[in-house]
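To keep things clear, I will list the structure first and then write my remarks on it.
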Amino acid sequence: MREEWTKARRIVVKIGSALVTDAETGAIKRDWLASLVADIAALAKAGREVILVSSGAIALGRHVLGLGRRPLRLEENQAAAAVGQIGLAHAYEELFRGHGLTAAQILLTLGDTEERRRYLNARGTMATLLGIGAVPVVNENDTVATSEIRYGDNDRLAARVAGMMSADCLVLLSDVDGLYTAPPEADPKARRIDEVREIGPEIEAMAGSTSTGFGQGGMITKVEAARIALAAGTHMVIASGKIASPLSALERGAPCTWFIARADPVAARKRWIAGALEPRGAFIIDHGAARALAAGKSLLPAGITAVEGEFDRGDAVRIRDEEGRELGRGLTAYARADAERIIGHQSHEIARILGFEGRAEMIHRDDMALKRGP
Ligand code: GLU
């Protein structure tokens with residue numbers, strides 16, 4: 001098995017609606033889901049962290065509400081999602097509990113992954129859940145997401161979650177076992193691609209416009225997901241979910257298409273912080289703090305002597321020493337007004353000063369890109 005899989009410590013698994021619910025009856029495919037959960041439990045026992053992105057709320061909800069197979073209006077989709085999501089949550093709670101694991105439901109909208117302040121919240125919660133050993137089960141919050149603020153497909157949502165969580169690997173389980181040179185059902189000469197390292201026009205052309213017509217994602221959204229994942233330093237694999245125990249099958253070498261990222265997630269994230277964001281302000285830090293950062297530590301309020309600029313929580317800021325040299329950049333855990341009040345203070349004093357329990361660090365080391373690295 002490839003090392004992109006064996007070495008992956010944090011894994012996001014996305015399953016499509018067609019896998020979760022039966023095309024004829026619309027009911028949950030309980031046996032298949034049980035086999036997937038058993039696979040995830042085995043990974044968790046081996047010390048890997050798994051986040052499951054599950055579609056199927058709308059497909060299941062339309063079945064429960066008796067809406068048939070006709071196209072639904074937006075409001076009907078949202079109503080169906082509200083009903084179906086409860087059913088999904090119930091199934092996951094039960095199945096994970098059977099393996100001694102706790103499932104945790106996370107419903108996200110586009111803004112939660114795009115807006116830095118909300119992004120930090122979602123990431124913090126999911127990291128906490130993983131730290132406690134729970135399994136986050138993610139879906140789009142379809143009930144409140146209207147068309148303009150909606151992903152609409154869980155392929156891209158899963159890729160954003162993988163990037164947000166600096167996952168090592170994203171698995172898209174689908175009704176096809178990979179990316180083909182042409183639609184396999186139409187072209188007998190169609191060949192599955194084993195590995196993609198660069199997503200160029202050729203790969204986009206292969207993705208064509210094949211869609212299962214049941215969930216939302218076709219091959220195009222999967223290739224878009226790959227683009228998001230690779231930019232975040234996350235490897236991605238498309239594999240078949242039409243078989244039982246699909247992750248065990250993948251581990252045994254089942255056919256699939258790998259999309260290989262060049263940088264690792266931490267390096268990709270630091271590059272993003274260092275280059276892609278416009279800094280809104282600066283923290284001036286003392287020599288002790290500068291030494292701590294150089295040794296790989298986080299920036300604590302105690303080491304900061306002055307604050308410049310107007311910034312919100314989650315914004316990028318420069319970190320400068322007292323001689324005015326820029327040491328690096330990072331995402332601040334506090335907005336300007338709060339930051340000003342806690343600089344120079346010990347972290348245990350934050351709650352008393354601000355009246356709420358915030359983060360101990362002004363900039364966590366994972367949210368920091370130093371010019372000369374620690
Ligand atoms: N979020 C949708 C649902 O749970 C599915 C989107 C998709 O099929 O990718 O029903």
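Values below: every heavy atom of this structure, side chains too, minus hydrogens, waters and symmetry copies. One-based numbering, in listed order, for ligands and for the atoms of each. From a predicted model like this one, the values you see are computed outputs, not experimental measurements.
- Remark: distances from the non-hydrogen atoms of Gly16 to ligand 1 are all 4.0 Å or more.
- In this structure a side-chain-to-backbone donor-acceptor pair under 3.5 Å is missing from Arg192 to Gly178.
- A salt bridge is defined here as a Lys NZ or Arg NE, NH1 or NH2 lying under 4.0 Å from an Asp or Glu carboxylate O, and Glu94 with Arg30 meets this definition.
- When only interatomic distances are considered, the shortest N/O to N/O separation between Ala59 and ligand 1 does not fall below 3.5 Å.
- Heavy atoms from both the backbone and the side chain of Ile58 come within less than 4.0 Å of ligand 1.
- Taking a cutoff of 4.0 Å between a charged side-chain nitrogen and a carboxylate oxygen, Glu349 and Arg352 qualify as a salt bridge.
- Classification of Asp155 and Lys222 as a salt-bridged pair holds, one side-chain N sitting under 4.0 Å from a carboxylate O.
- The ring of Phe283 has its center no closer than 6.0 angstrom to the ring center of Tyr334.
- Among the atoms of Asp153, none of the N or O lies under 3.5 angstrom from an N or O of ligand 1.
- Counting heavy atoms under 4.0 Å from ligand 1, residue Asp142 touches it through the side chain alone.
- Salt bridge Arg123/Asp366: absent, no basic N to carboxylate O contact under 4.0 Å.
- Inclusion of Ser54 in the set of residues having an N or O under 3.5 Å from an N or O of ligand 1 is not warranted.
- Here Ser17 has side-chain heavy atoms under 4.0 Å from ligand 1, and that is the only part of it that gets that close.
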